[in-house]
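Before anything else, here's the structure in question.
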Amino acid sequence: MLKVAKFGGSSVADAAQFKKVKKIINSDKSRRVVVVSAAGKRNSSDYKMTDLLYLLQAHLKYGVAADEIIKTLRDRFIGIRDDLKIDYPIEQLFDSFTKELSKETPVDYIVSRGEFFTSHLMAEYLGFSFVDAADVVFFGYDGKLDVEKTYAAIEKAVNDNGKVVMPGFYGSLPNGKIKVMTRGGSDISGALAAAAIKADVYENWTDVSGILMADPRIVKDPKRIVKVTYAELRELRLEGTGELIPTFDEVLELFAAGAMPLIIELKAHGGNQARLAEAVVQRLDSYPGLFCIESFDPRAMSAVRKLRPGIVRGQLSTDFRANPGEADRKSTRLN
Ligand code: ASP
């Protein structure tokens, strides 16, 4: 069994989050490939490293002093390193990066350093090898991924090193220059790694159930939006990025080649378990790949069994009996 685990920005935002990641990784030996985003926000008034790096580049471009941004970034990396009590010369690496910066430094290179340094710290903390995405994720000059070359390089890096941490979000052009993906691209890097090594499972550890009425980091226990129309959903973008929230159909299309088995979790709510199960199994009737369905809600699982007894099911466990209404809200999540 081989698993690729991708951790998003909030899951690596500080040392406490790094510790949770280590616990997850250590709890399962098959989690041998870890893909990491740049450290994200620790709280609602904090900054994502990637945003700070874009800001840094804008300052350089227009000749505005950027010392404060550089200091903020530097302090955060050092803070994570010190809190984790690891021995890693992050100052040296970071300073050699900032020393070279100029008006001309390409934006892609600058913003990729968030993932680069965060992954270095993670590799050190986990005791895994660091594999630079620039050496294994390749784009053509047309900006398209060179999938075959990328798969071969990732596979070799994992075979050579055993357990690896790879930064998400970027790769390199044929001339060796860094190229970043669209915002949120670490998800793509994780999927590439999983496909490259024919992983049994690709785990994407950034998880909030449903759509909430307010940011849970600002408002305590915000209500969930139970009904949202397709048109409304299309207006939402993921966390300040240009990314749309994909529909179930779109996700299935992405995996239509069937190369990767899917684990589909049903998040039933407000008594809709039978309807939800029916809609999902009907859609899956025409899906060619391997999949299983799981849920914290036993009623959803029993609906799946009645409708399609042949589908492999998994019952997730929680304190369902103590609090049936809450069953779908409790999951193992990082944040
Ligand atoms: N750090 C990049 C971003 O914020 C990529 C990612 O997190 O996936 O968009």
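Each ligand, and each atom within it, is numbered from 1 in the order the structure gives. In this chain, numbering begins with 1 at the start of the sequence shown. Every value quoted in this text rests on a predicted model; they were computed, and no experiment measured them.
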Quiz item: Within the distance-only criterion (no hydrogens, no angle test), does the side chain of E91 pair as donor or acceptor with the backbone N or O of I78 below 3.5 angstrom?
Solution: no

Quiz item: Does R183, backbone or side chain, put an N or O under 3.5 Å from an N or O of ligand 1?
Solution: yes

Self-check item: Near-ring test F130/F116, centroid separation under 6.0 angstrom
Solution: yes

Exercise. Measure the distances from the heavy atoms of G114 to every atom of ligand 1 and state whether one is below 4.0 angstrom.
Key: no

Quiz item: What atoms in ligand 1 come closer than 4.0 Å to a heavy atom of S186?
Solution: 5 (C), 6 (C), 7 (O), 8 (O)

Practice problem: Considering the heavy atoms of G184, write down every atom of ligand 1 situated less than 4.0 Å from one of them. | Solution: 3 (C), 5 (C), 6 (C), 8 (O), 9 (O)

Quiz item: Going by heavy atoms, is G8 under 4.0 Å from ligand 1?
Solution: no

Quiz item: In terms of hydrophobic clusters joined by side-chain contacts under 4.5 Å, are V34 and F77 together?
Solution: yes

Practice problem: Just let me know how K48 lines up against ligand 1, side chain, backbone, both or neither, with a heavy-atom cut-off below 4.0 Å. | Solution: side chain

Practice problem: Verify the distance criterion only: is there a donor paired with an acceptor across the side chains of Y170 and D132 at less than 3.5 Å? | Solution: yes

Quiz prompt | F7: which of N204, I24, V165 passes side chain to side chain contact (heavy atoms under 4.5 Å, CB included) | solution = I24

Quiz item: Do G9 and ligand 1 have an N or O pair less than 3.5 Å apart?
Solution: no

Quiz item: Which atoms of ligand 1 have any heavy atom of S37 under 4.0 Å away?
Solution: 6 (C), 7 (O), 8 (O)

Quiz item: Can you get from V201 to L290 by hopping between Ile, Leu, Val, Met, Phe, Trp and Tyr side chains that sit under 4.5 Å apart?
Solution: no

Quiz item: Have R299 and S295 got a donor and an acceptor in their side chains that come within less than 3.5 Å?
Solution: no

Quiz item: Does E115 have a heavy atom less than 4.0 Å from any atom of ligand 1?
Solution: yes

